[in-house]
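Below you'll find the structure, written out as structure tokens, and then a few comments.
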Amino acid sequence: MDLEELKRIQQECAKKVVQKDDFQEIRTVGGIDLTFQDIRNNPTKAWASLVVIDINTLKPIYEDVVEGIVDFPYIPTFLAFRELPLMLSLHQRAKKKPDVYFIDGQGVAHPRGCGIASHFGVITQSVSVGVAKTKLFGYYKEPSTKRGSWSYLTYRGNILGAVLRTRDDTEPIYVSVGHRISLKTAIELVLKTSIYRIPEPTRLAHNLLQKVRKKLS
DNA sequence: GCGACAG
DNA sequence: ATCTTGTCGC
């Protein structure tokens, strides 16, 4: 694998990212997650799940799981090349696509402006948001401990995303624009779909994988 | 050179 | 990310 070539791919992807609202309305939100049979080995068997929820009830209306072999190691800033393939098959299989996707990881809050959430959005031409549990890139000041409070994630004067508290007295999450959405709307959407720390689409997709994993491993 | 480093 | 029982908190 040639990381320099992959960097160029990410730089090209970054140019295509649209950081403004470019959609009609949002009724459904899909969350995607992956789990691996043996995280230490490469290649290894893996499963990816997609759970689509209704924006008003926050209840699932569609679920799907795909199994496959992942054959690219985890290298910080190159996560997409490891996890995108299975995510793309979930998107292709879905009869009814969600209006927006929440992707585990960063969107534009990435050294080259194209984290996995943006990469997914650009390739599928869908609306996407990066929702990460930890930071990859950038600086920020801690938001207050109250649910809904947030602060900008920045780098050299540029706004990359937001560090958002989705629950009182709980660790914040890192939200960034994936594709075809503004940061403001992304923050509102994540907050609206969050009951616990992790927004419902992502949390349910993760829960679904835990069940499937036990049964199929 | 050193530290940081999504999942 | 993964391996895991009991345990703490709302």
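Numbers restart at 1 for each chain; the letters A, B, ... are given by sequence-line order, proteins then strands.
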task: Check whether the ring centres of A:Y101 and A:H91 lie less than 6.0 Å apart, and answer yes or no.
output: yes

- prompt: Is it true that A:Y140 and A:Y174 have ring centroids separated by less than 6.0 Å?
  reply: yes

- request: Answer yes or no: does a side-chain N or O of A:T134 lie under 4.0 Å from OP1 or OP2 of B:dG7?
  value: yes

message: I want to check one thing: is the phosphate of C:dG9, taken as OP1 and OP2, less than 4.0 Å away from some side-chain N or O of A:R197?
response: no

In whole Å, I'd like the distance from the [atom1] atom of [X] to the [atom2] atom of [N].
X: A:F120; N: B:dG7; atom1: CZ; atom2: P; result: 17 Å
X: A:L136; N: C:dA1; atom1: CG; atom2: P; result: 15 Å
X: A:N41; N: C:dC3; atom1: CG; atom2: P; result: 13 Å
X: A:E83; N: B:dG7; atom1: CD; atom2: P; result: 9 Å
X: A:I195; N: C:dG9; atom1: CD1; atom2: C1'; result: 17 Å
X: A:Y155; N: B:dC5; atom1: OH; atom2: P; result: 13 Å
X: A:H206; N: C:dA1; atom1: NE2; atom2: C1'; result: 8 Å
X: A:I116; N: B:dA6; atom1: CD1; atom2: C1'; result: 8 Å

statement: Heavy-atom closest pair (A:L160 atom, A:V108 atom, distance to 0.1 Å) is O-CG2, 3.4 Å

- prompt: For DNA chain C, what string of dots and brackets results from 5' to 3' when Watson-Crick and G-U pairs need both distances under 3.5 Å, crossing pairs get [ ], and pairs with another strand get |?
  reply: ..........

field: Comparing A:D33 and A:R167 on DNA chain C - which has the more 5′ nearest nucleotide
entry: A:D33

- request: Quick one: label A:Y139 by what it contacts on the DNA or RNA (base, sugar-phosphate, nothing), any heavy atom closer than 4.0 Å.
  value: nothing

message: Check whether A:Y139 forms a cation-pi arrangement with A:K141 (NZ or CZ under 6.0 Å from the six-membered ring centre, at most 45° off the ring normal).
response: no

Axial cation check for A:F137 ring with A:R112, 6.0 Å and 45° limits: no

task: Output yes when A:E188 and A:K192 qualify as a salt bridge under the 4.0 Å nitrogen-oxygen rule, no when they do not.
output: no

message: Applying the 5.5 Å / 30° rule, does A:Y74 stack onto the base of B:dG7?
response: yes

- request: Could you please name the option among B:dC5, C:dC3, B:dG7 that lies closest to any side-chain atom of A:R213?
  value: C:dC3

task: Would you check if the side chain of A:R147 reaches a backbone N or O of A:T166 as a donor-acceptor pair within less than 3.5 Å?
output: yes

